[in-house]
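See structure below.
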Amino acid sequence: MKIDAALLERLQDLSRIRLSEQERKDFQAGAALILDEISRLSHLELEEVSGRSSPSRCVNVFREDTVEPSTDQDAILAQAPDREGRYIRVFKTVEQGDEA
Amino acid sequence: MSWEIVAGVEVHVELSTNTKIFCGCANAFGAEPNTLICPVCTGMPGALPVLNRRVVEYALRAGLALDCDIARRTTFDRKNYFYPDLPKAYQISQLHLPICQNGWLEIETPTGSKRIGIRQIHMEEDAGKLIHHPTRPCTLVDYNRCGVPLLEIVSQPDFTAAHEVIAYLKSLREILLFLGVSDCKMQEGSLRVDLNVSVRHKGSGEQGIPTEMKNISSFQAVGRAMVWEGARQIQLLESGEEVLRETRRWDDGKNQGFVLRSKGGAEDYRYLPDPDLPILEITQEQVEQLRSTLPELPRNKRARYQREMGLSPQDARTLTASREVAALFEKTTALCQNPQEAANLIVGDLARLCTETATLPEDLQVDAAKLAALIVMIRSGKINRTVGKEVLEQIFFHDADPAVYVAQKGLAMVDDPALVEAAVRQVVEANPKSVSDYQNGKKKAFGYLVGQVMRSLKGKGDPALVNGILRELLEE
Ligand SMILES: [Zn+2]
């Protein structure tokens, strides 16, 4: 499958990533390889299987509504690239007009 | 040709479960940031979600109360998008097989009742909370809200007037509160409203291009947003332009909407069945069992209060505005056997006390047994209505026992004939002029004499007794 300029533009928009000219070239080549690999899946015989069907083999597995201790908070926060107190700090990604 | 504005709403409610939808973290508002998190709700690799049984129960309660078809088989899907409020980079939601579909809700409009279709109700998880720094280019992220259970209730585009949307939202909120599935607090974000608006030529039945406005801050604001957005679209179309499929933000302070982004279609979210979550199968027996435990809903209560208790529509409406007030009314009525007096007391003086002290229905701590005792005392003439107000305040503020309070303060009516007669005789003797006036036909003098007796009894004379004894003595 070919990634043309329009599709690349769309992918950039959706993922909110801006690529340089060189990165665009690399990405187009690299992603094409991946897509070719993935496209092999289309040779599987799946006419009988709905795209909406769940791959799960289990039915009705629940937990009760009982509070359990929230674990590993510090380990989780340690994964964050940047912090401010107990908050995780990220670059501001705000849609225009959505400052509220 | 005239235009018609058409709207539909999507309501998100946070469910008032103890825990989150897929993990045992507490579902609580206002905790220290990132204290109610675990590997599951922050999407750590290898963590597996397990569905909270109560979320399904609450979804079914809502679905049954809104006359939906219940799915026999329902599954979860992943909705993929990148944003820092979503640590997994996908939200677990339901697209293909939602738990409830094809329901309806009847609303009252000035021209009669109208059925609003409910397209579907589905379960999903809430995202984290972002705090955008006002000046610095950074955003603070709190994942406590991540994984809080939500119901999304999607209406059909059946609204053609702002007051219909407001009536629907009020009614929906009332039902959810009575079901006890959510506290529906807009200011805490546990009820959020998105509005879809399009316009069409009146009576054409065609479907215009809708725009969406997210997270509008109040029901009244939803009405204003619908009117404003409809007018904007009509103006565009009349000047030969197109309406674009966009997401917009409603600024109620400026009474104006702003464009946020062009709206993505479902395909942009790359929905796929969540392989981590088992299929859910719901049996007819389960549905019937749940249906039998549904509480009486406000609409039915209102009808019953009018039909069986003879209350006015206005009283019935006020009493069913919250589950707590309706319960208080029903308990009080059962104990004092006087629905009208109970209604008068609750919608009158008690409601006034609540307003004066800014007490919300859910915080109201009034003992129905004490209200009932108060009503019995008033009805039997043991105390008059002025004293009744005082006693109610004592119940409201101090949880006082009416009988004890009245006895301690000596507020009971003087209904001992001997005491009343003694007071009447004194007044008659002290006012010979008024007595002769009365006997010469000046009937007004009677009222004056009654007033004097009441004064000597400190306002607590039993009026019937005072009148009777005075008349007897004067006619002698
Ligand atoms: Zn958790």
Side-chain angles (χ1 to χ4, degrees), chain A residues 6-19 35 38 41 46 49-100, chain B residues 17-19 22-27 32-39 41-42 44 50-56 75-77 81-84 95-97 130-134 136-143 215 248-249 251 258-261 264 268 272-281:
Chain A
L7 178 57
L8 187 57
E9 195 62 37
R10 182 98 185 104
L11 289 172
Q12 284 193 84
D13 275 355
L14 287 174
S15 58
R16 295 180 165 78
I17 293 171
R18 215 24 62 207
L19 298 177
L35 287 175
I38 297 286
L41 293 173
L46 294 170
V49 184
S50 158
R52 301 175 170 196
S53 66
S54 170
S56 178
R57 298 244 183 300
C58 309
V59 171
N60 291 357
V61 180
F62 298 107
R63 32 173 287 276
E64 298 308 317
D65 186 26
T66 313
V67 177
E68 288 152 37
S70 297
T71 58
D72 304 295
Q73 295 170 12
D74 292 334
I76 292 166
L77 288 180
Q79 302 294 311
D82 194 12
R83 302 252 302 270
E84 186 163 317
R86 286 199 65 87
Y87 287 104
I88 294 166
R89 185 162 54 193
V90 298
F91 282 114
K92 203 186 222 171
T93 46
V94 188
E95 293 166 302
Q96 278 185 339
D98 194 18
E99 299 276 343
Chain B
T17 51
N18 298 323
T19 62
F22 298 121
C23 64
C25 290
N27 171 13
E32 283 292 293
N34 292 314
T35 51
L36 307 176
I37 58 170
C38 76
C41 55
T42 53
M44 292 293 129
V50 185
L51 180 58
N52 181 342
R53 187 191 296 278
R54 186 162 291 160
V55 172
V56 179
T75 54
F76 286 96
D77 301 290
Y81 69 90
F82 287 112
Y83 205 53
L95 177 74
H96 299 310
L97 294 170
L130 301 182
I131 301 163
H132 300 301
H133 198 282
R136 284 186 286 142
C138 70
T139 293
L140 302 179
V141 188
D142 174 10
Y143 286 143
N215 217 350
R248 305 178 64 86
R249 181 175 67 85
D251 186 327
F258 297 91
V259 64
L260 278 180
R261 58 175 178 263
D268 288 337
L272 56 98
D274 192 311
D276 288 345
L277 282 157
I279 298 156
L280 206 62
E281 286 180 355

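On a predicted model such as this, the values are computed, not experimentally measured, just so you know. Letters go in sequence order (proteins before strands), and every chain restarts at 1.
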Part of B:C41 lying under 4.5 Å from any heavy atom of chain A: neither
Expected output: side-chain B:N18 to main-chain A:V67 donor-acceptor under 3.5 Å: no
If we ignore angles and hydrogens, is there a donor and acceptor under 3.5 Å between the side chains of B:N52 and B:T19? yes
Tell me, side chain or backbone of B:L277 under 4.5 Å from chain A's heavy atoms, or both, or neither? backbone
Part of A:T66 lying under 4.5 Å from any heavy atom of chain B: backbone
Hey, are the side chains of A:F91 and B:T139 touching, using non-hydrogen atoms and a 4.5 Å cut-off? no
So which atom in B:P278 and which in A:C58 form the shortest heavy-atom distance, rounded to 0.1 Å? CB-O, 3.4 Å
Sub-3.5 Å donor-acceptor pair from the side chain of A:R89 to the main-chain atoms of A:E84, do we have one? no
Donor-acceptor pair, side chain of B:N34 and main chain of A:R86, under 3.5 angstrom: yes
Flag the one option from B:T42, B:T17, B:T35 with the top tally of heavy-atom pairs under 4.5 Å to chain A. B:T35
Of all of B:N27, B:V56, B:V141, which one pairs up most often with chain A through heavy atoms under 4.5 Å apart? B:V141
Please state whether the side chain, the backbone, both or neither of B:Y143 comes within less than 4.5 Å of a heavy atom of chain A. side chain
With a 3.5 Å distance limit and no angle check, can you tell me whether B:D77 reaches the backbone of B:H96 through a side-chain donor-acceptor pair? yes
Between A:I88, A:L14, A:D74, A:D65, the one whose heavy-atom pairs under 4.5 Å with chain B are most numerous: A:D65
Heavy-atom contact with chain A under 4.5 Å, split by part of B:R248: neither
Greatest number of heavy atom pairs closer than 4.5 Å to chain A - which of B:C138, B:P275, B:C38: B:C138
Chain B heavy atoms under 4.5 Å from A:N60: which part of the residue, side chain, backbone, both or neither? both
Select, from B:P39, B:P84, B:C25, the one with the greatest count of heavy-atom pairs under 4.5 Å involving chain A. B:P39
Is a side-chain N or O of B:R53 found less than 3.5 angstrom from the main chain of A:F62, in a donor-acceptor match? no
